[in-house]
Amino acid sequence: MLFRESAASLATRTHVEGRLARLLTENFLHQHRHRPQPAEVHAWERSIPALINVLVEAGLGEIEMLLEYGLPLTSKRADVILAGEHPATGEPSYVVVELKQWSEAHPEAEEPLLCRIDAYGHPILNPIEQVRGYCDYLISFNGALEHNPAAVVGIAYLHNAPESKVAGLRLVTEDDRGRMFTRDQRGALIGYLRSRLAAKPGAEAADALLQGKVRPSKQLMAVAAAEVRDREQFVLLDEQRTAYETVMAAVRRARQAKQKEVVVVTGGPGSGKSVIALSLLGDLYRRGVPALHATGSQSFTKTMRKIAGTRKPEVQRLFRYFNSFMESEPNDLDVLICDEAHRLRKTSANRYTKATLRTGRPQVAELMAAARVPVFLLDQHQVVRPGEMGTEEQIREAAAALELTCTVVKLDSQFRCGGSDAYLRWVIDLLGLEGRDPTAWEPDDKVRLVTVDTPQQLEDFLVAQREQGYGARMSAGYCWKWTTKITSSMNALPTDVVIGNWARPWNLYGDRALLGAPPAPLWATAPEGFGQVGCVYTAQGFEYDWSGVIIGPDLVWRTDRWVVDRRASKDPSFTKATSDDDVDRLVRNTYKVLLTRGMIGTVIYSTDSETREKLRSLIPSAL
């Protein structure tokens, strides 16, 4: 939340031109480590005063306004939450408000959940549905609302728009959690607010909401089976919902008009790509629409087969690999959801492929041919192996070569790392992935970051978190040889990861559980995975409460910059043909993946003393 004050107090601030916007800008910069977009500042200058004026006119000057309220465990923010007392019950009452400066908007053709305005070249979520999603999400995650979900209602206020210019948006059903008021309905809005909020101080209700215990996030793997087989488990917000509806609209067009189109969804770690994938797959499966999910990750696919397909073989068959479609008939599927598409390869052929199938056909072309609506979800900063080539640009080019329409939806939210977009930006800067220098971490109230001086401290810290009921995993750069031939005749897993007098095994290699350790694909999700060190190939695509990351000698800080030492890497995918530039990029991407697995926090250790000193200078919390 950027600021909290009564409507009357905020009204006095708006009398000084730009004063409120300057205050919010300063608070935003402190919380998010970058300046807000000019459009956002402009909205603060225009939209918040428009709402304040309505509240003062309604006699609700004492209610509390929570500006830019951060939704729990995500980087998403509600424009305003009005907190006060219900006039009939005397109970806490909350109105979530989405403010729009639009003067005109129209529903997307045949898809009223999406709409278009002149300022954007792509469809966005209907504001009625947007605010409804915020209400549903808030109720799901704030414990103060657990026993009184009816306390929350939501409105979209289009204060510049005449009804005639936005009437088409009402094709979406309105209810208490999602309704719209326009410029022409100022009187109706005043009446509605009076029906939900009493003309009394709202500070107590605001306190209760802000002090409400945050409920645990639904971790993807924990609810995968219910999501696919039974009902929706996740509330999709903003661009997530836009991506979902964009795909569903494409499916309808494909079925009605035999129209083929490509959808690309891009976003960083924790932006909800796999949540979108599972939500789509579950909905299509329940409707009987031919659809499959594919990845290039053995761990992710096998885990999905086991967890989502428990006791249901037909669900297990929904999860495939990218190289499973070499012999598919064109458009055999309605939808092919390609998750983790940054792991696409140049071709699907390998040393085991039959000679007749070694055509050199690009893998992306095979996947596009297999379905009427191929969907690619990717983060190009997660390319960690030579030969992986799933970027937005490459998929666009492949679609253009096949003369297919390609729609791109960009996700800018963050649902991992406590929903801290500041942490994600800090990791990108730490590793120099976008050309910026590392900066000191300024602790926020969303994610914890700790540095330690020994691997034993790292492990002890994670053990303590597990004793409090949290999940945790240790992972490391691929800097130690990996014993892959393990037999049941051994007494224990080989302790390959050796740092001084501390030694631990890598996660088990292969698909069988042995010596008390889970098979590699289940390392990140099975409780027995703790105590082994995971690598990027078993960690990628997964999440856990606490992430312990060991930065090995392949990435060290020297004086004023990072140095990647390819000689320290034991990754067999790095060959003589892999250039130094590629190794540099892939190693940095590897640590970006490892540093963004934690839902609650991350603890970091480096094997190099100078690097540890650099980390201590950047991270104030150390053990």
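- Nearest heavy-atom pair across R116 and P123 is NH2-CD, 3.3 Å.
- We find the OG1-CG distance between T74 and L138 to be 12.0 Å, quoted to the nearest 0.5 Å.
- A 4.5 Å side-chain heavy-atom check between K592 and L433 finds at least one atom pair inside the cut-off.
- Partner F376 forms a side-chain contact (heavy atoms from CB on, under 4.5 Å) with one of V408, L336, L367 and no other, that one being L367.
- Of all heavy-atom pairs between P112 and V172, the closest is O-CG2, 3.3 Å.
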Exercise for review: Kindly determine whether F542 and W523 satisfy side-chain contact (heavy atoms from CB on, under 4.5 Å), including the steps that lead there.
Suggested key: CA-CA 10 Å; F542 296 96; W523 167 82; over 6 Å; no
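- In this structure, the side chains of V603 and L462 come closer than 4.5 Å at one or more pairs of heavy atoms.
- Residues V153 and R179 are not in side-chain contact: their nearest non-hydrogen atoms beyond the backbone lie 4.5 Å or more apart.
- Using a 4.5 Å heavy-atom cutoff, the side chains of M304 and K302 are not in contact.
- Here E366 pairs with nothing under the salt bridge (charged side-chain N to carboxylate O under 4.0 Å, His left out) rule; sequence neighbours left out.
- The shortest side-chain heavy-atom distance between T602 and V549 falls under the 4.5 Å cut-off.
- Environment of CZ in R436: crowded, with over 12 heavy atoms of neighbouring residues, nucleotides or ligands closer than 6.0 Å.
- Taking a 6.0 Å sphere around CZ of F530, one finds it holds more than 12 heavy atoms contributed by other residues, nucleotides or ligands.
- G477 approaches L594 most closely through the heavy-atom pair N-CD1, 4.0 Å.
- Here the side chains of P127 and C115 are in contact, with some heavy-atom distance below 4.5 Å.
- Residues I395 and E392 are not in side-chain contact: their nearest non-hydrogen atoms beyond the backbone lie 4.5 Å or more apart.
- Separation of atoms CZ (R473) and CH2 (W546) is listed at 15.5 Å; rounding is to 0.5 Å.
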Point to revise | Test log, rule side-chain hydrogen bond (donor to acceptor under 3.5 Å, both in side chains), inputs Q240 and K76 | key: CA-CA 11 Å; Q240 291 181 323; K76 283 295 176 188; over 6 Å; no
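- Under the ring-ring contact (aromatic ring centres under 6.0 Å, His included) criterion, H293 pairs with F300, F319, not counting sequence neighbours.
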Check your understanding: Please walk me through it: do D283 and R287 pass salt bridge (charged side-chain N to carboxylate O under 4.0 Å, His left out)?
Key -> CA-CA 6 Å; D283 200 355; R287 295 183 189 191; 2.8 Å; yes
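- Ionic pairing of E239 and R241 is not present here: no N-O contact between side-chain nitrogen and carboxylate oxygen is shorter than 4.0 angstrom.
- For F28, the ring-ring contact (aromatic ring centres under 6.0 Å, His included) partners at least two apart in sequence or on another chain are H32, H34.
- Minimum interatomic distance between P107 and G168 (heavy atoms only, all atoms of both residues): CG-O, 3.6 Å.
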Exercise for review: Begin with the C-alpha distance, continue with both residues' side-chain angles, and end with the deciding distance and a verdict on side-chain hydrogen bond (donor to acceptor under 3.5 Å, both in side chains) for T525 and T303.
Suggested key: CA-CA 8 Å; T525 55; T303 301; 4.7 Å; no
Exercise for review: Go through the steps to decide whether L449 and I604 satisfy the test side-chain contact (heavy atoms from CB on, under 4.5 Å), and finish with yes or no.
Suggested key: CA-CA 8 Å; L449 181 61; I604 310 175; 3.7 Å; yes
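- Side-chain atoms of E340 never come within 3.5 Å of backbone atoms of S274 as a donor-acceptor pair (strictly under, hydrogens ignored).
- Side chain of K260 to main chain of A371: a donor-acceptor pair is present (N/O by atom type, distance under 3.5 Å, no hydrogens or angles).
- Using modelled atom types, one side-chain atom of D545 and one backbone atom of G471 make a donor-acceptor pair closer than 3.5 Å.
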Exercise for review: Evaluate side-chain hydrogen bond (donor to acceptor under 3.5 Å, both in side chains) for D339 paired with T295, printing each intermediate quantity in order.
Suggested key: CA-CA 5 Å; D339 201 358; T295 77; over 6 Å; no
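- Rounded to the nearest 0.5 angstrom, I337 CD1 and L292 CG are separated by 8.5 Å.
- In this structure, CG on N507 lies 6.0 Å from SG on C535, to the nearest 0.5 angstrom.
- With contacts defined as side-chain heavy-atom distances shorter than 4.5 Å, the pair I155/V96 does not qualify.
- Atoms CG and CE, on L404 and M368 in that order, are 7.0 Å from each other to the nearest 0.5 Å.
- In summary, the side chains of S47 and Q101 do not present any donor paired with an acceptor at a separation below 3.5 Å, with no hydrogens or angles considered.
- Applying the ring-ring contact (aromatic ring centres under 6.0 Å, His included) test to H106 and every residue at least two apart in sequence or in another chain returns nothing.
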Exercise for review: Starting from the C-alpha separation in whole Å, work towards a yes-or-no answer on side-chain hydrogen bond (donor to acceptor under 3.5 Å, both in side chains) for Y94 and N142.
Suggested key: CA-CA 13 Å; Y94 306 99; N142 190 307; over 6 Å; no
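- Annotation: the span from C135 atom SG to R177 atom CZ amounts to 7.0 Å, rounded to 0.5 Å.
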Practice item. Give the C-alpha distance, both sets of side-chain angles, the deciding distance and a yes or no for side-chain contact (heavy atoms from CB on, under 4.5 Å) between S475 and V536. Key: CA-CA 7 Å; S475 61; V536 68; over 6 Å; no
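- Between D421 and R425 there is no salt bridge, since no side-chain N of the basic residue sits under 4.0 Å from a carboxylate O of the acidic one.
- Nearest heavy-atom pair, S547 versus R597, reported as atom, atom and distance to 0.1 Å: OG-CB, 4.2 Å.
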Practice item. Check step by step if side-chain contact (heavy atoms from CB on, under 4.5 Å) holds for E388 and L344. Key: CA-CA 5 Å; E388 292 179 343; L344 288 173; over 6 Å; no
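- When only modelled atom types and interatomic distance are considered, N126 and E129 share no side-chain donor-acceptor pair under 3.5 Å.
- With no hydrogens or angles considered, a side-chain donor-acceptor pair links W44 and E68 at under 3.5 Å.
- The closest donor-acceptor contact from the side chain of Q540 to the backbone of Q382 lies under 3.5 Å.
- Identified under the ring pair (Phe, Tyr, Trp, His ring centres under 6.0 Å) test for residues 111-140, with sequence neighbours left out: Y120-H122, Y137-F141.
- A salt bridge links R77 with E40: the distance from a Lys NZ or Arg NE/NH1/NH2 to an Asp or Glu carboxylate oxygen falls below 4.0 Å.
- Side-chain N or O atoms of T538 include none that pairs as donor or acceptor with a backbone N or O of G534 at under 3.5 Å.
- Scanning all heavy atoms of the two residues, the minimum distance from R305 to R320 falls at NH2-CA, 4.0 Å.
- Listed by chain and residue number, K273, L411 satisfy the side-chain contact (heavy atoms from CB on, under 4.5 Å) test with S271 (two or more places apart in sequence, or in another chain).
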